[in-house]
Amino acid sequence: MSSYRLTKGGLVDRNAPLSFTFDGRPLRGFAGDTLASALLANGRMLVGRSFKYHRPRGILTAGAAEPNALVTIGRGGRTEPNTRATMQELYEGLEAQSQNRWPSLEFDVGALNGLLSPFLGAGFYYKTFMWPAPLWEKFYEPVIRKAAGLGKASYESDPDAYEKSWAHCDLLVIGAGPTGLAAALTAGRAGARVILVDEGALPGGSLLFDTATIDGKAAADFARDASAELQSMPNVRLMMRTTAFGWYDGNVFGAVERVQKHVRDPARQLVVERLWRIVARHALLASGAEERPLVFGGNDRPGVMMASAMRTYLNRYGVAPGRATAIFTTDDSGYALARDLEAAHVDVVAIVDSRSSAGVDYRGKARLIREAVVCGTKGRKAISAIEVHRGGQTETIAVDALAMAGGFSPIIHLACHRGGKPAWSAEKAAFLAPDGLNGLDLAGAAAATTDLAACLAEGAARSQAIVTAFGLSCPPVVLPKVEGDEGTHDSKPLWSIPGVKGKAFVDFQNDVHLKDIGLAVSEGYSHVELAKRYTTNGMATDQGKLSNVNAIGLIAKARGVSPAEVGTTTFRPFYTPVSFGALTGAHTGHHFQPVRKSPLHDWAKKHGAVFVETGLWYRSSWFPRNGEQTWRESVDREVLNVRQNAGLCDVSMLGKIEISGSDAAEFLNRVYCNAFLKLPVGRARYGLMLREDGMIYDDGTTSRLEENRFFMTTTTAYAAGVMNHLEFCAQALWPELDVRLASITDQWAQMAIAGPKARTILQRIVDEDISDAAFPFLAAREVSLFGGALHGCLFQISFSGELAYELAVPAGYGESVADALMEAGRDHGIMPYGVETLSVLRIEKGHVTHNEINGTVVPADLGFGKMVSASKPDFIGKAMLQREGLAASDRPQLVGVVPLDPKQSFRSGSHVLAKGAAATLESDQGYVTSSAYSPHIGSTIALALVKNGSSRHGEEVVVWNGLHGESTPARLCNPVFFDPQNERLHV
Amino acid sequence: MASLVPCPHCGQRPKEEFTIKGAALARPAADADAVDWFDYVYLRDNPRGAYEEYWHHTSGCRRWIVVTRDTVTHEVAASRDAADRARSEART
Ligand SMILES: [Zn+2]
């Protein structure tokens, strides 16, 4: 016997049939169904296998807390594992697969785990780790991994789009049940900006299955009319299929909107999910309450269901649970279910009430068994009978469905996300949110208010108080008249059931049963946080929505204390799982981060550049020519050509900062360790910027273009950091200085023209005389180009060691100026060169980059000791640079390294060992920071930071790379490999 | 996941727009004792409760601000421009 669809009743549209498949089998449902209700309508009681013991499992709930009915929806890149069938709306063509079974749901080999269950109890992770380790790796771990698990994610990329959005409101109402609707109506009518979110497809919450009438209307009709009124208000936004999953600082709420998770073919122009951050002046949590399971033997058998879920399937979806239903109740809600089942002509075999009397006068046909409990169930893949324990006697009653009504726990998760601890209320027999939350109130069942009229009144009253506090005038609230409500659910929790037979599950999703809790307590893990981790209770993806309070009750019972003394574990976001897609939003693929392209990018591209990503930038690496087989051939040619003729290199990605103001020179004097105050107008100077701890932060050239205007360049990598740092210095440290900073990196295209023919080429486009006399080394001036057609900034600075210039022109003219230079230099052999060549040229000259300025070096380590001003009263890093350790002779110092055999090579990052020393880290003397093949030297050359390196030129060492197992005899040397007298700067 | 930082110039803005530097300590004089410099560069209190921090409105107005934040609740009690604070401290 099994569940089936009734011929009438419910909110499904029987004129809109939908076909779908479950494990490939075609089934039919109706519009308005969830996958769960459609499966039940088709008599599918068995929908999954449990996590650990592979027990057959059915649909337990009708909502977000579902621990059993997890299925995989869709295929290919749209595969969505672990979807709760109770939350998934049915659509035409939906494809669902059951999980955690092999080879099939009906014949699951993993069910043998049930036989291993003595080894899989609480703490088994910890205990099995103590078994012989080789066995763990070879046998237990693979077996347990294969057998235990959830659905499998797809390896295909997700074809759908996601986005993130912000929203702002006066009042955020979470939950569109009776309380939430009443609250939103009240605030909306008062003119407040209201956002009402609900995880369901239809507004109404419990009204959608309630048989009460409100102002003479069916509850569901009241919900429909209320939401229609809300939707007509321009100041109210009703967001369905939207789960508020977290409460964060600043009264920001996280929510995920499932925009197109209920359609087969998502519209391309729309996202499938949207992540919201909702900034609320105030929020009202009207999230309702969760019904608790009862912990009796075989309480997980398919056919056993929460009473409120059974009522939802019956009244909202027109699905009967079976032909012979029993109800095990600890409160009056079981009787409402009995009445509704009987009204739908579904036989109720028995009502088993743990209490001696009920608050309702039951007049139906079911056998009423008071002061009794269900202690066990029978059946294989579905329930066939219950065992009722009363007064020491056990009776077996044949049933095909069983409802359990264990009382209600307010859903207070969000109220506790910011550190508030729930408090046990003995009166309400529930954990309640703490009092005095700032910016958040609770109302309705979330605040343990149970009857419908009271929920409507409380929602309206709380809302009225909130909007009145905003200064809005609230029209008088007229409370609707409620009739036919089954009333209060006052319940005395029944944590522990006498005479339990078989496994009684506490946490269905993680397969934690009664004995596991007992074991945790008896083994000393009775603290609620320890018990959670020892048993894994509440640690599944449902985060213990059904199990946590029962576990606390059972621990309390075992310890002989009140649940108040046990307390709860910590509630953390997210309330329900949020997809990575929603969290990622649009930031995928090439939208993951912005791409920065130099104004000379297209120029480089048309010259065949190979680009390399450095940070966000695409930099031209080298420019291969016909016939060149390897990158080294191209780089060698470019290197030689710069030193023989001339090269053009895009250096636009250097950070550029304009510094102006009457104190600009003083400001620079304080941020650089060397002097800048007296830098003449029209001159550039190399500057070293330290951190306060004395280590070098960044370097670059800064030019004085006017008395109070400077042009600073930074390294590419630290451009943003230096800008932030300078702003800090100007604003937080020395606000008295008149200085202004502007990032101008993107405004200028900058190119280096290097090589003995650089001046000749450049002079063809520069109007002013740039002879050595008129424009010497370190000259820096604004220049006129092309007969006055354009102005730019010209600097005679050199990173290559050759006669070299850097020319900055407005970004939009970059490409045409570069074209003009290539044309002007054609007869002189000019060639483009990339950052690889730039790197070889600078290593040949012993110039440092952030490979050497790695946060551990002070100026003296790199041979810049004399640059540090001794006379300036203050600069960043001055005080800490005085520390004696920073002047120690065995500090790592910059040195050159070459292999003894020019045919041998070594890599950056390799360690430097004294000749003959053991190849161990204890023998470490330093490390190679930069290396390259130098076509001028004819071998690999390198820079290294080596202990006392500057005094060890000529010493033979070993370059050792332990990772690659390489060992290369080498010699330390002067780090300037080429033109140590700098004669080429002045050709 | 989310939270807002009040900028004295831009109002409440998402924290992703900001860069946090840490404790808003006053920089010692250039000739201060080595101990004072050591404290300034390396030592930090880790108070439970009110804490003054430098935040930079990097993706906004690019001003450095001093935010008084409660380390327990994350409530922001005050925020003001770092230059204003530096000037007022210089006067005292
Ligand atoms: Zn700002």
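All values below come from the heavy atoms of this structure, side chains included, with hydrogens, waters and symmetry mates left out. Every chain is numbered from 1, with letters handed out A, B, ... down the list of sequences.
Put simply, of A/Asn724, A/Leu741, A/Asn438, A/Asp693, the one with the most heavy-atom pairs under 4.5 Å next to chain B is A/Asn724. Between chain A and the residues B/Pro14, B/Ala26, B/Pro28, the most heavy-atom pairs under 4.5 angstrom are made by B/Pro14. Put simply, of A/Ala732, A/Pro735, A/Pro573, the one with the most heavy-atom pairs under 4.5 Å next to chain B is A/Pro735.
Using a cut-off of 4.0 Å between Lys/Arg side-chain N and Asp/Glu carboxylate O, B/Arg62 and A/Glu727 are scored as salt-bridged.
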* To do: Evaluate the side-chain contact (heavy atoms from CB on, under 4.5 Å) criterion for residues A/Val279 and B/Gln12: first the C-alpha distance (whole Å), next the side-chain angles of each, then the deciding distance (0.1 Å), finally the verdict.
  => CA-CA 10 Å; A/Val279 185; B/Gln12 297 270 2; over 6 Å; no
* To do: Take A/Asp874 and B/Arg27 through the salt bridge (Lys or Arg N to Asp or Glu O under 4.0 Å) test and state the conclusion after the steps.
  => CA-CA 12 Å; A/Asp874 192 10; B/Arg27 187 172 184 264; 2.8 Å; yes
* Asked: Is there a side-chain contact (heavy atoms from CB on, under 4.5 Å) between A/Phe728 and B/His56 once you walk through the steps?
  -> CA-CA 8 Å; A/Phe728 178 77; B/His56 185 227; over 6 Å; no
* Decide yes or no on side-chain contact (heavy atoms from CB on, under 4.5 Å) for B/Leu4 and A/Asp249, but give the supporting numbers first. => CA-CA 7 Å; B/Leu4 302 173; A/Asp249 298 336; over 6 Å; no
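Side-chain atoms of A/Gln731 come within 3.5 Å of backbone atoms of B/Trp64 as a donor-acceptor pair (strictly under, hydrogens ignored).
B/Arg63 touches chain A through backbone and side chain together, each having a heavy atom under 4.5 Å away. With a threshold of 4.5 angstrom between heavy atoms, A/Arg691 does not approach chain B through any atom at all. Both the backbone and the side chain of A/Ile876 come within less than 4.5 Å of a heavy atom in chain B. Proximity to chain B (any heavy atom under 4.5 Å) is shown, for A/Asn251, by neither the backbone nor the side chain.
Within a 6.0 Å radius of CZ in A/Phe592, no more than 12 heavy atoms belonging to other residues, nucleotides or ligands are found.
At least one side-chain heavy atom of B/Trp37 sits under 4.5 Å from a side-chain heavy atom of A/Glu692.
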